[in-house]
Amino acid sequence: MKTGEEAIADIAAAFYLTAKEIVNKSGAWQVTTADGDVMLKEYQGDLTKLQDRLSWYYYLRENGVWAVPELLHTEKQGLIKKAGNSYYYAWHKSQGEPFSGHNEDHLVAVVSAMAKLHSRAVNYEEKKRATEIIEWQWPIQVQARLRDLLFFAHKMADKRLADDFQKVFLENFDFIYDQGQEAVQKIILANCKESCQDQFIHLVTSFLPEDIFVKENQAFFSPNIVWTRGPKVQDLAGFLRNYVGLHGWNLELTYRLIQLYQEHNPLCMAEKFLLLSLMRFPARFWLYSCQYQKQDKSVSELTSKLIDLIYEIRLRDHCLDKLDSLLSEDE
Amino acid sequence: MKLKLKEVELQLEQPTRPWQVIYGEGNTWIILRCRYKIPEKEISELGQLSVESINCQLLTKKDNMFLYNGKICLAASYRGDNNPPQSVVREGIVYDEQEARKQLSDTKWCPLQSEDQETKVSGGSIFPSQLYFEPSQSASREDSGFSIWQIELPWQGWLLGGKLEGQPEIVVAHLGQIGLRTLLCEILLRLPAEDSKDQESMRPNNNSYLVSEEAAFIVPGQFLTEVVGSTVQRAFFQLKPERKTALEMEYWARVYLIFLGSNTSGEKILTAWGLIANKIKIPYNQHNLMPVFIGNIKQEKITLVRVSEQKVVVKAQTIISIEEKAPQQKAIPAECIAPLSENNEDRHGLAVSSLDILAYRPRPGQKWQNKKEKSGKAVSPQRKVMTIKFSP
């Protein structure tokens, strides 16, 4: 019976790699070879969509998008190595500075790289129209989740306050619920069913710090093969939600990043509404409530996170209100 | 030999706002609660709670029940935070954000819709909370920077068993923070009744007996720091002879426990109740062939002993008087009596005595029958006749 490292060494050998050392790093294996570090990762998405994902990846590399590294070939000239029921892919670890959300230059570099990648993705979609028909669930999901929150709040209000989480939750529920309602309102204005569905592209999806490197003001993404598809503003909203909060939802910075994105991918009014909606929806408030209900984490930890989130949402609300006016004026 | 104490599991009562009244024999407890949400400011410090005024007046009286109402005015001070944190976003939120987006797009059943699990007993609270057993009588306006929350709490309640003895007593007051900018004030008010009954008749003698009851009460899921009070309401008495040497009295008792909870909840003054089927023996030695009745019941003494964080032992001494004649029937209230006809006779020509009078109740369909009779005789004056002329 082979150990995990031995099995990975065998898989690495299929990519012509002689492993000196193998370390597991947040879901991927870092294989040290004589030529440098190589990352090896298991594909965890839908297998039926793997071919489409690879084809998209190929297209990016063929068209000179270097924001994603080249995938290594296997001995059978493929990009994927099958081992048992698992599928692996490998790439050379990007050399550069680790991404930091606090660094404004890094934010600019990522938005710029993302915008270029998205503009390629739009061309790709035009070439390969209707390869995958997907039902975008976001507008339905948003309303369903808001309904869940409302149900939970009523259930909580009927009982005695049991802990600090419940106190903070109930105290701020009206404000948060209004944020959700405003997000729904913006989705309606965006008219997603009509305006957005035909503009779905492959998205970067993951903006975790360990998946991004910055070198000479250029951002590089890890080759996350699970490129989900959706409206392009979903990526932009996701990235801004992750990192603009670290800058106190600075309006000037947020607007600058959106304008930078628009230099490569101009957004129509419907997309702007959708962007504002995605940025406003209190997804983490819903997540923490779920974690509290499931008793996944301690009450004190969740209360602390909830309080921080309330402060952040207040700042975000202020920023998004002004951003709404600025984006409308641009039209 | 040590007898095992009867254990009763009480049910925690949901604290309600703005008031909660618990009636008992000789005592009425009123819990007043109110919340105040400070607009646009976080609370950084809690100040003092002081009583500015308290008044009460008798509204009405019925038998041995007295209805009182009044108002308590309090002042609570707090310090608002003028500089709330501008940025509290930590780097780790990226992972939560990623997780939230992933879970949101999942169409599986949301845990928020699921049923609640067992009552959670959590640790300490990050929000301050203060209890006052003797709140100061004058509002102490603190240094600058403190804001005052003026509280007015009107109350009303029946007092059973006698007139109010003196003034309503503030047993405990609680000022707490229940959120970033929400204050909670709770007041426990006690209305003691003065002993208006004939003292002589209620002393243990030939017909009055001192009965001792003892039980242990358990409040599940709660930590009791202090038991403040208790009331008992008894009903459904049944007396039976027991071997010609004693009487066996069966009754139901609804016991209320008023206590201070120690967990992190917003409300600290809590109540729990339980229904107990009781059976006690009264050493009744007068061998009478006729059945006897229960006269007066007086709660002589209640001792509350907190045994553990969830358990209280209640020792009660009660004086019960036995009467050989039935207690006098209460007069039928005037509102229940229908007006008498002029000749005091019913349809069958029988005389109606005042004792037989019951509330007037029309026969089924009588209302409609009357209408039908009337409508056949005369045309309704409200009927309108409209004439339309067609000219050629």
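Side chains are part of it too, since the values below use all heavy atoms of this structure and drop only hydrogens, waters and symmetry mates. We name chains A, B, ... by the order of the sequence lines, and we start the count at 1 in each one.
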>> Please classify the contact between A/Phe165 and chain B as side chain, backbone, both or neither, with a heavy-atom cut-off of under 4.5 Å.
In response: neither

> If every non-hydrogen atom of B/Gln98 is compared with every non-hydrogen atom of A/Phe207, which pair is closest and at what distance?
Replying inline: OE1-N, 3.9 Å

> Should the pair B/Glu42-A/Arg314 be classified as a salt bridge under the 4.0 Å nitrogen-to-oxygen rule?
Replying inline: yes

>> Counting heavy-atom pairs closer than 4.5 Å to chain B, which one of A/Ser300, A/Ala283, A/Ala144, A/Cys290 comes out on top?
In response: A/Cys290

>> Please rank A/Ser298, A/Gly238, A/Ser304 by heavy-atom pairs under 4.5 Å with chain B and give me the top one.
In response: A/Gly238

>> Report which part of B/Arg35 has an atom under 4.5 Å of a heavy atom belonging to chain A: side chain, backbone, both, or neither.
In response: side chain

> Heavy-atom count around B/Trp149 CH2 within 6.0 Å, excluding the residue itself: above 12?
Replying inline: yes

>> Please check if the number of heavy atoms outside B/Arg17 that lie under 6.0 Å from its CZ is greater than 12.
In response: no

> Can you name the nearest heavy-atom pair linking A/Trp286 to B/Ala100, along with the distance?
Replying inline: CZ3-O, 4.4 Å

> Mind checking what makes side chain to side chain contact (heavy atoms under 4.5 Å, CB included) contact with A/Asp211, not counting sequence neighbours?
Replying inline: A/Ser206, A/Leu208, A/Ser222

>> Side chains of B/Phe127 and A/Asp164, heavy atoms from C-beta outward: is any pair under 4.5 Å?
In response: yes

> CD of A/Glu171 to CD of B/Gln177: how many Å apart, nearest 0.5 Å?
Replying inline: 8.0 Å

> Got A/Asp308 and B/Ile93 here, is their nearest side-chain heavy-atom distance under 4.5 Å?
Replying inline: no

>> Report which part of A/Ile310 has an atom under 4.5 Å of a heavy atom belonging to chain B: side chain, backbone, both, or neither.
In response: side chain

> Taking only residues two or more places apart in sequence or in another chain, which ones pass side chain to side chain contact (heavy atoms under 4.5 Å, CB included) with A/Glu42?
Replying inline: A/Gln44, A/Ser86, A/Tyr88

> Roughly how far, to the nearest 0.5 Å, is the CD atom of B/Gln103 from the CD atom of A/Gln141?
Replying inline: 11.5 Å

> If you count the non-hydrogen atoms of other residues, nucleotides and ligands that lie under 6.0 Å from NZ in B/Lys102, is the total more than 12?
Replying inline: no

> Which of these, A/Asn242, A/Leu309, A/Leu287, sits in a side-chain contact (heavy atoms from CB on, under 4.5 Å) with B/Asp96?
Replying inline: A/Leu287

> Hey, does B/Ser125 have a side-chain heavy atom less than 4.5 Å from the side chain of A/Lys167?
Replying inline: yes

> Do NZ/NE/NH1/NH2 and the carboxylate oxygens of B/Glu97 and A/Arg284 come within less than 4.0 Å?
Replying inline: yes

>> Quick check: under 4.5 Å, non-hydrogen atoms only, which of residues 101-110 of chain A neighbour chain B?
In response: A/Gly101, A/His102

> Is there a side-chain contact between B/Leu112 and A/Phe151 (heavy atoms, below 4.5 Å)?
Replying inline: no

>> Quick check against the 3.5 Å criterion: does A/Lys294 have a side-chain atom that pairs as donor or acceptor with the backbone of B/Pro111?
In response: no

>> Please enumerate all residues that pass ring pair (Phe, Tyr, Trp, His ring centres under 6.0 Å) together with A/Phe169, with sequence neighbours excluded.
In response: A/Phe152, A/Phe173, A/Phe285

